[in-house]
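For the single chain, residues carry numbers from 1 onward in sequence order.
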Amino acid sequence: MDTTYYITNKNNQLLELLNTIDHCLSDARLEEVDSIIKLKEELLANDGIHITPEQINNIISLLLSFVPNTVREVG
């Protein structure tokens, strides 16, 4: 049985993620831009449905890359 991963649009979660990705894109370094655009296009193409575990990891990595160092170092 295949597992389907998706981001629900309940409470606009998919839209919020896409807006967050846009914000990350505006602050991204030049070498990060292509991978961020690719991730956003993949999410849009599938409307947030059938997301691969790799894409989920990319989303998490992207979001964590914009967490301030002071927050990352706590712990």
Q: State whether the side chain of Q55 and the backbone N or O of T52 hold a donor-acceptor pair below 3.5 Å, judged by distance alone.
A: yes
Q: Look up atom CG in N57 and atom CG in L64, then write down how far apart they are to the nearest 0.5 Å.
A: 10.5 Å
Q) Which pair of non-hydrogen atoms, one from Y6 and one from I49, has the smallest distance, and what is that distance? A) CB-CA, 3.8 Å
**Q.** Euclidean distance, I21 CD1 relative to L17 CG, rounded to 0.5 Å
**A.** 4.0 Å
Q | Partner of L14 under side-chain contact (heavy atoms from CB on, under 4.5 Å), chosen from N19, I7, T8 | A | I7
Q | Heavy-atom pair with the smallest gap, counting every atom of C24 and I36 | A | O-CD1, 4.5 Å
Q. Could you give the distance from CG (L63) to NE2 (H23), rounded to the nearest 0.5 Å?
A. 11.0 Å
Q) Are D47 and N9 close enough that some pair of their side-chain heavy atoms sits under 4.5 Å apart? A) no
Q. Rounded to the nearest 0.5 Å, what separation is found between the OG1 atom of T20 and the CG atom of L25?
A. 12.0 Å
(Q) Between E41 and K38 (side chain of the first, backbone of the second, donor and acceptor by atom type, cut-off under 3.5 Å), is there such a pair? (A) no
Q: Would you please test L62 and E32 for side chain to side chain contact (heavy atoms under 4.5 Å, CB included) and show each step?
A: CA-CA 9 Å; L62 172 66; E32 298 171 322; over 6 Å; no
Q.
Please check if the number of heavy atoms outside E54 that lie under 6.0 Å from its CD is greater than 12.
A. no
